[in-house]
Structures are given as C-alpha cells and as structure tokens.
Amino acid sequence: MDRKEHIAIFTTASLPWMTGTAVNPLFRAAYLAKDGHRRVTLVIPWLSLKDQELVYPNKITFNTPLEQETFVCRWLEERTGFGSGFNIRFYPGKFSKHKRSILAVGDISEIIPDVEADVAVLEEPEHLTWYHHGKRWKTKFRLVIGIVHTNYLEYVRREKNGRLQAFLLQYINSWVINIYCHKVIRLSAATQDLTGSIICNVHGVNPKFLETGKKKQEEHQQGNQSYTKGAYYIGKMVWSKGYRELLQLLSAHQNELTGLEVDLYGSGEDSDQVKEAARKLDLTVKVHPGRDHADPLFHDYKVFLNPSTTDVVCTTTAEALAMGKIVICADHTSNAFFKQFPNCHTYEDGTGFAELVRRALVEEPAPLNDDQMHELSWEAATERFVKVSGLDQGTTRKVVAPPKKTFMSLSMKLPDLTRTIEDASAFVHHAASGFEVARRVFGAVPGSLQPDEDQCRELGLPYSAGIQGSRS
C-alpha cells in the first residue's frame, strides 16, 4: 500500500512539566511533521490527578487528556509560529517519588495499532523499557530508534551506595536497549557507552531564543547597549544540576571575583539549602524562583554560568548561546557540541573559571553568523536526526506478520547465534517483568503492570483487560 511512513515518538514526560524529555520530543514531532512527508504521532504519559499535583508546576492540572493536549499544542504553536501537524496520544503513567520520574504502566506499544507500526522513536529507551512487559518493540515496529537523553549513571553515583548501583544500572541499561532498539543515538559522549551507538546532538532550540539573539545583534549594530545585566544561571534547583559546583567555585574564588553579582533561577527540593549556601558568600548571589528561560527578564543578561556536568547536552546552554550570550561552562564531554560557537568558553579548573568570568564581564559577545544560528535550530537538529537514523533512505526493514506469541521462539533453527541470544534475553526480561515482586525489587511503581480503574476510565480503556498484552 502506498502510504506515508508513520513515526511514533514515545517519551517519558509532558508539558507543563518543563523537563527536557517533555520539550525536546515535542519539538521533534513538530519539525518531523512540518514538511508533510511523514505521519507523526507523539505518545506522552497521562497522569491521574493525584500524580499531576505532584509533578506539574503552578498547580496546573487537567481533568481530561483533551485538556492537556490543547495546552501542549497551544504552547508549541506560540513558540514555533505554526500549527502542530502531528497527532498526540496518551499512555497511562505513574509518578515515582523515589526516581522523580514518570514510569509507564502496561504495554504502551499497544497505543499504536499494528497497521501503523512503522518507526518507533524511544526518547530515553532505557527508561521506557526497564519495566516493559508486552510486545517486543523490535517485533512490532520495522525500526526502533532509541535516543539516550540522560546520564543516569552520574545521578545514581551521587546516591547512597552509588557505585554499586551505577555498576548494576550500566548493565541493565545496555541489556534492555539491546533487546528493544535497532539503532541508538546518544546526544553526547556524557552518556554511558553503548555498543553500536551513534553520538549526535539531535536537539535544537526553541525558535524564540534565536529571534531574541537576532534582535540583540541588531541593537548592537545600531550602537545601542545590548546587555545591561551581568551573570546568571537557570536550572532545576537540585544540587545535582550544577548548583553545588557553582557555589563552590564562587566560594573558592571570591577574592578574584570581588564585586561580581550572580542571579540564580530555579525551583526544586534543594531550594532552601541553595539559598542558605548563597547567603554565606561574600559575593552578591541572589536566588529567585524558577521561570521560563524565554521570559524577557533574561534577555538583558550577558553571561550564562553553567558548571553542571550531569547534563548530556544542556538545553539552557544552547538557549543562552542562541540569545547571543557568553556561556562559561566546564570542559566536559557534555559540552562538546557547544565548543564550535565563539561565545562558548570552557574552563578546566577554578582558576580558569574565575579568569573567564572576569573577561566575560568586560567583553562583548561575538555575533553569530547564519550558519551558526542554523546549527542551533530545530531545522538543523531534524536534519541530523533524519540522517543518522537512516530515515532519509527510507525504512527498508522487512515487514513480517505479528507472531502469535508475544516473543519469538527460541528454536535453534535460527542460524544467527547473536539473534538467538538476543531472543533469549528478551524472553528472560519479559518473564521477569511479568511478576509484581520482581518489578518491585527493581524499583517499579506498585501496581504498574496494567492500568488501574481510574486510568482506564480517563483514557477510555477497558478496565477488565487494561492494555492488551500487559500480562503474559
């Protein structure tokens, strides 16, 4: 049948939660669908009201999926200037307080009918498959592309018994990604090494930031003062997001940075501790509640400080560069993509940090040329994604009839030993993920094997069966 290729993008978060896995897959869907050559569906988690209240900021909640879909589409159109040409579907999710993450409930691959199962993009493939119990992604879809967003190993290392946890998580991540993905894209080398993966930043910036950068360049060309404020940082206010490193750098180099004023913007569980640590400094460090980085409040800052090394490719760093600011960040693999831009300055130690800050406060940012602005855009990010995923060559994988059983037989008739081992691994994961006790041991949310009555009612699913395939 001659029809447009269908791409289903599954992600682990949704607006109004302003996290990378809510925002970036949304833009990816919009720009993949923009030229009309493909059909695109964005599949996002639906949370019941009690979980919405824990996750979404400013007391924003939704009574129905349609309300949330309207919110998401309006937010996107305000930032891109064009309507969303893709569909949105919801899968049932539950919020894990321990992991501070949304975890899928049931077999979310069933959200996409078999006849539409061409390409699946798993944003955070390890996260989406840790507890997956149902159809095997590689069997259902012709092509499964995983995009690794998060340096989970770095976060885990900072917890109690972190080294042991990171050691185990490293192998679990490799195991599930190999079972369920044909191709894997890592946004930077800051993520764990995965066999056969490709390193490529397939993210761009909200067009509003590039518009701000162009206006600032025009102001400068007209002889006006483009930036009237000094240095700032914005990010979720938890220690692991770079606040600890930044305050330590400022504390250790107060004498070299006399007179420096820094504004910190963020909200999070460590806000009170960050405020207390900032008050102990001789420097003027003001702590403010979190805001959208696109807020005009940030337009007049000249210097963006970001010492975080837990990000894979920091969205706010890209946004600051797009706005024409000077960025001072660590010489770290997560910042490799940004080194091509003249306003990105990296430091190796505290002395280098202090020197760069002093210079940045008296220098003017270098103007970005058209090629550099394009490289930061979602148009360029989409071009990179299409190329490295092979979508520019079409999906050539052979379509086979769905097997009667959930997983392929382990028959030794398969000549390829690697395929046989992979099938065996998939069988083991499928079996283990089907028992509540095993799921709980590895950190799954209780009762996440299939949707509960409220989720089924809210999403229009039959409660007696939940999502088909959610139980072997």
Side-chain angles (χ1 to χ4, degrees), residues 3-15 21-22 25-26 28-30 32-33 38-48 51 62 64-70 72-73 84-95 101-147 176 180-182 395 402 406 430 433 444-445 447-472:
R3 63 179 179 85
K4 293 180 181 178
E5 183 175 61
H6 181 251
I7 300 176
I9 301 173
F10 293 79
T11 191
T12 57
S14 175
L15 298 179
T21 51
L26 177 59
R28 192 181 330 282
L32 278 172
R38 303 176 182 87
R39 293 174 55 244
V40 179
T41 298
L42 178 66
V43 189
I44 57 179
W46 168 257
L47 297 176
S48 294
D51 278 348
F62 309 97
T64 66
L66 181 59
E67 285 184 15
Q68 186 167 4
E69 179 178 346
T70 301
V72 169
C73 291
S84 57
F86 59 93
N87 296 319
I88 292 179
R89 294 180 185 172
F90 291 84
Y91 67 81
K94 289 189 176 183
F95 181 65
S101 298
I102 298 171
L103 298 174
V105 176
D107 179 8
I108 66 172
S109 72
E110 287 293 323
I111 299 298
I112 302 299
D114 289 346
V115 295
E116 298 180 12
D118 296 331
V119 179
V121 179
L122 305 187
E123 311 268 357
E124 292 200 312
E126 65 279 71
H127 186 145
L128 285 168
T129 59
W130 282 328
Y131 311 111
H132 176 71
H133 182 75
K135 280 191 176 180
R136 186 175 170 189
W137 292 89
K138 281 185 179 180
T139 301
K140 172 154 184 165
F141 291 89
R142 302 184 198 180
L143 177 63
V144 182
I145 303 163
I147 302 179
V176 295
Y180 295 116
C181 295
H182 295 111
T395 307
T406 304
H430 177 72
S433 63
V445 176
S448 60
L449 192 56
Q450 60 183 9
D452 59 30
E453 186 174 2
D454 288 340
Q455 291 171 319
C456 289
R457 183 181 67 255
E458 291 159 353
L459 291 172
L461 301 171
Y463 175 57
S464 58
I467 292 180
Q468 297 299 316
S470 64
R471 180 79 185 178
S472 59

Say whether, by atom type as modelled, one donor and one acceptor occur between the side chain of [X] and the main chain of [Y] under 3.5 angstrom.
| X | Y | value |
| --- | --- | --- |
| E124 | T11 | no |
| H127 | I102 | yes |
| R89 | I111 | yes |
| T129 | H132 | no |
| K140 | A120 | no |
| Q455 | D452 | yes |

Report the distance from atom [atom1] of [X] to atom [atom2] of [Y], rounding to the nearest 0.5 Å.
| X | Y | atom1 | atom2 | value |
| --- | --- | --- | --- | --- |
| F141 | R136 | CZ | CZ | 14.0 Å |
| S14 | L42 | OG | CG | 7.5 Å |
| Q450 | H133 | CD | NE2 | 9.5 Å |
| T21 | L26 | OG1 | CG | 11.5 Å |
| Y180 | L122 | OH | CG | 11.0 Å |
| I44 | T12 | CD1 | OG1 | 11.5 Å |

Inset, instruction - Would you please classify the geometry between the W46 ring and the F90 ring as parallel, tilted or perpendicular, with 30° and 60° separating the classes? - result: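 Because their plane-to-plane angle is over 60°, the rings of F90 and W46 count as perpendicular.
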For the residue pair [X] and [Y], what are the closest heavy atoms and their distance?
| X | Y | value |
| --- | --- | --- |
| G93 | L47 | O-CD2, 3.5 Å |
| L103 | Y131 | CD1-CE1, 3.9 Å |
| D107 | G134 | OD2-CA, 3.5 Å |
| S101 | F95 | O-CD1, 3.4 Å |

Legend entry - Check against side chain to side chain contact (heavy atoms under 4.5 Å, CB included), I147 and R28: CA-CA 12 Å; I147 302 179; R28 192 181 330 282; 3.6 Å; yes
Inset, instruction - Determine, step by step, whether V144 and H182 satisfy the side chain to side chain contact (heavy atoms under 4.5 Å, CB included) criterion, reporting the C-alpha distance in whole Å, the side-chain angles of both residues, the deciding distance to 0.1 Å, and the verdict. - result: CA-CA 5 Å; V144 182; H182 295 111; 3.9 Å; yes
Inset, instruction - For side chain to side chain contact (heavy atoms under 4.5 Å, CB included), just list the numbers for I9 and L32, CA-CA rounded to whole Å, side-chain angles, deciding distance to a tenth of an Å, and then say yes or no. - result: CA-CA 10 Å; I9 301 173; L32 278 172; 4.0 Å; yes
Legend entry - Counterpart residues, side chain to side chain donor-acceptor pair (under 3.5 Å), relative to T41 (two or more places apart): H6
Legend entry - Y91 and L461: CA distance, side-chain angles, deciding distance, side chain to side chain contact (heavy atoms under 4.5 Å, CB included) verdict: CA-CA 10 Å; Y91 67 81; L461 301 171; over 6 Å; no
Inset, instruction - Answer whether the closest heavy-atom distance between the side chains of I112 and F10 falls below 4.5 Å. - result: yes
Legend entry - L459 and P65, any side-chain heavy atoms less than 4.5 Å apart: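 Touching, per the 4.5 Å side-chain cut-off.
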Inset, instruction - Using a strict cut-off of less than 4.0 Å between a Lys/Arg side-chain nitrogen and an Asp/Glu carboxylate oxygen, indicate whether K135 and D114 qualify as a salt bridge. - result: yes
